[in-house]
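Below: one structure, written as structure tokens.
We count ligands from 1, going down the list as the structure has it; atoms in each ligand are counted the same way.
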Amino acid sequence: MSRLSPPPRPAARGSSEDAPAAARRFRISGQLRRPLALTVADLRVRWPQRHAPVVFECATNGPQHHTFDGPLLRDVLDAAGPAFDARRRKDRSRFLLTVTGGDGHHTVLSWAEIDADFGNAPILLATAMDGRPLDAMGSQLVVPSDRCGARYIRAITGIWVGMCPAPGER
Ligand SMILES: Nc1nc2c(c(=O)[nH]1)N[C@H]1C(S)=C(S)[C@@H](COP(=O)(O)O)O[C@H]1N2
Ligand SMILES: [Mo]
């Protein structure tokens, strides 16, 4: 690892915000059997890495070309054990995900988008962009099937997984 790590940040509310950037964990929470707190290094060593060259449009900056490496979001979430009956497609089809970045930008996905029996989209939690590790910055969501870049959430701080309530429920 590089010895040129950024200076320590001032202690903040005892959270992992006061840890060195590369040691910061993001949480996978919600309706899960095994909630997780992971660093980018965990994403790199615990799951097989995919490589994805992508192009997306940014409304303000035009087309962006990047390559990303990282595990499939589906593989990581499988380890967290979503609280559905995995044998039942209807159960799985009711789950939603939210992905939040350090600046508060967040987006929603459906479980079905990443489920092999439905959309089967190869969405990644990136550990590197254009060959550069993301340990200090935080993981980035990679949605190769999106034409627009808005869901490529940078500096991920949290992922929530849970069931969409039936219409009329709360
Ligand atoms: N955390 C965070 N991630 C974000 C955004 C943001 O505002 N905050 N903007 C999104 C948008 S609109 C686009 S187009 C891409 C831009 O990625 P780039 O700056 O690497 O080209 O990042 C996405 N990820
Ligand atoms: Mo954008």
Side-chain angles (χ1 to χ4, degrees), residues 1-2 4-30 32 35-44 46-47 49-77 79-80 82 95-115 119-162 164:
M1 277 306 293
S2 166
L4 299 171
S5 49
R9 292 155 49 101
R13 283 173 278 112
S15 73
S16 78
E17 278 173 45
D18 44 359
R24 220 166 284 153
R25 292 168 195 280
F26 68 95
R27 287 182 188 289
I28 303 183
S29 62
L32 299 166
L36 299 171
L38 300 170
T39 62
V40 169
D42 293 330
L43 292 176
R44 190 177 292 116
R46 288 180 57 177
W47 292 276
Q49 306 290 292
R50 297 281 189 100
H51 180 75
V54 303
V55 186
F56 56 80
E57 282 281 335
C58 176
T60 44
N61 294 328
Q64 309 290 310
H65 297 251
H66 293 292
T67 63
F68 290 97
D69 296 281
L72 284 175
L73 174 63
R74 181 175 64 226
D75 289 350
V76 177
L77 295 182
F95 268 62
L96 296 176
L97 323 172
T98 67
V99 181
T100 304
D103 58 356
H105 176 44
H106 59 282
T107 198
V108 173
L109 296 86
S110 68
W111 181 271
E113 284 182 79
I114 58 173
D115 190 306
N120 197 25
I123 297 176
L124 305 183
L125 285 173
T127 56
M129 179 172 89
D130 302 327
R132 288 188 293 278
L134 289 172
D135 297 67
M137 165 82 100
S139 181
Q140 179 163 354
L141 192 70
V142 177
V143 193
S145 46
D146 278 5
R147 201 184 66 78
C148 165
R151 295 204 294 180
Y152 279 72
I153 307 289
R154 280 188 298 268
I156 294 172
T157 52
I159 299 177
W160 175 91
V161 182
C164 180

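Residue contacts with ligand 1, taken as heavy atom pairs separated by less than 4.0 Å, involve His105 solely via side-chain atoms from C-beta onward.
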Requested in this report: Could you give me the CA-CA distance, side-chain angles and deciding distance for Arg147 and Val55, then say whether side chain to side chain contact (heavy atoms under 4.5 Å, CB included) is met?
Outcome: CA-CA 8 Å; Arg147 201 184 66 78; Val55 186; over 6 Å; no
Report task. Go through the steps for Phe56 and His66 under the test side chain to side chain contact (heavy atoms under 4.5 Å, CB included), then give the verdict. Result -> CA-CA 9 Å; Phe56 56 80; His66 293 292; 3.9 Å; yes
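Protein heavy atom closest to atom 18 (P) of ligand 1, with residue, atom name and distance, is Arg154 NH1, 3.5 Å. Here the heavy atom of the protein found nearest to atom 15 (C) of ligand 1 is Gly149 O, 3.5 Å.
The shell of residues lying under 4.0 angstrom from ligand 1, judged by heavy atoms, includes His66. Residue contacts with ligand 1 include Ala150, since one of its heavy atoms falls under 4.0 Å from the ligand.
Between atom CG of residue Leu97 and atom NE2 of residue His106 there is a gap of 13.5 Å, rounded to the nearest 0.5 Å.
Below 4.0 Å from some heavy atom of Cys58 lie the following atoms of ligand 1, by number and element: 14 (S).
Considering backbone and side-chain N/O atoms, Tyr152 comes within less than 3.5 Å of an N/O atom of ligand 1. The shortest N or O to N or O distance between Asp103 and ligand 1 is below 3.5 Å. Polar contact check, Gln64 against ligand 1: a nitrogen or oxygen pair lies under 3.5 Å apart.
Within a 6.0 Å sphere centred on CZ of Arg27, other residues, nucleotides and ligands contribute 12 heavy atoms or fewer.
Between Arg44 and Asp69 there is no salt bridge, since none of the side-chain N atoms of the basic residue sits less than 4.0 Å from a carboxylate O of the acidic one.
Checking each of Thr157, Ile156, Val143 against Val99 for a side-chain contact (heavy atoms from CB on, under 4.5 Å) leaves exactly one that passes, namely Ile156.
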